K.L.:
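Structure incoming, see below.
The structure displayed is predicted, hence computed values, not measured ones.
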Amino acid sequence: MTYVYRNANTGQVVPLEQRDPCLDMLDNWRIIGGPEPADASGPASAGPARPSEHDNKAAWVEYAVSRGMPESDAKALSKAALIEEFGEAPDGED
């Protein structure tokens, strides 16, 4: 199976046959696709974690898309507008 990483800073997408420990430890790389877990009875992934207000716009676009906003709409908004729309932490976070 292939693991797909996305760079939150540049938007670069890289498919790899195995997990990459170097990319796993870098904050700006996230796994956006990969093999399904063997036990699918657990809770589904909620997508990327809510970015900090200090993160770049690309991280906020990725988060907005994971929350259901079309990518073209998310890219059209400013970082401030994305933070206003999605900036509140879900219950139990922060």
Side-chain angles (χ1 to χ4, degrees):
M1 287 303 246
T2 301
Y3 289 88
V4 181
Y5 288 84
R6 178 182 294 158
N7 184 308
N9 295 335
T10 65
Q12 179 183 9
V13 175
V14 177
L16 299 171
E17 290 301 316
Q18 297 180 355
R19 288 190 66 152
D20 186 304
C22 293
L23 294 181
D24 286 342
M25 70 180 220
L26 296 172
D27 292 335
N28 59 318
W29 286 95
R30 293 189 175 92
I31 295 177
I32 60 170
E36 294 297 319
D39 179 15
S41 63
S45 172
R50 185 180 68 83
S52 156
E53 290 187 14
H54 302 289
D55 283 333
N56 62 22
K57 180 181 174 185
W60 280 96
V61 168
E62 181 181 359
Y63 183 67
V65 170
S66 77
R67 300 289 306 266
M69 180 177 275
E71 186 173 6
S72 60
D73 292 350
K75 286 182 176 180
L77 294 175
S78 68
K79 177 183 167 184
L82 291 167
I83 291 172
E84 184 177 329
E85 181 73 23
F86 297 100
E88 288 189 30
D91 292 338
E93 289 186 20
D94 282 1

K.L.:
Measure the spacing between CD of Gln18 and OG1 of Thr2 and express it to the nearest 0.5 Å.
P.N.:
10.5 Å
K.L.:
With sequence neighbours excluded, what pairs up with Asp73 under the salt bridge (Lys or Arg N to Asp or Glu O under 4.0 Å) test?
P.N.:
none
K.L.:
Could you tell me whether a side-chain N or O of Lys79 sits under 3.5 Å from a main-chain N or O of Glu53, the two making a donor and an acceptor?
P.N.:
yes
K.L.:
Just jot down the side-chain hydrogen bond (donor to acceptor under 3.5 Å, both in side chains) partners of Asp20, sequence neighbours excluded, or say none.
P.N.:
none
K.L.:
What are the two closest heavy atoms between Val65 and Glu71, and how far apart are they?
P.N.:
CG2-CA, 3.6 Å
K.L.:
Of all the heavy-atom pairs spanning Tyr63 and Arg50, show the shortest one and how long it is.
P.N.:
CE1-CA, 3.5 Å
K.L.:
Under 3.5 Å, side-chain donor or acceptor atoms of residues 21-31 against the rest of the protein: list the pairs with distances, not counting sequence neighbours.
P.N.:
unit_1	atom_1	unit_2	atom_2	d
Asp24	OD1	Tyr5	OH	2.8
Asp24	OD1	Arg19	NH2	3.4
Asp24	OD2	Arg19	NE	3.2
Asp24	OD2	Arg19	NH2	3.3
Arg30	NH1	Glu62	OE1	3.4

K.L.:
Would a distance-only check, ignoring hydrogens and angles, find a side-chain to backbone donor-acceptor pair under 3.5 Å from Trp60 to Ser52?
P.N.:
yes
K.L.:
So, taking the atom named CD in Glu85 and the one named CE in Met69, what distance separates them when rounded to the nearest 0.5 Å?
P.N.:
5.0 Å
K.L.:
Can you give me the closest heavy-atom contact between Ala74 and Ala64, atom names plus distance?
P.N.:
CB-CB, 4.0 Å
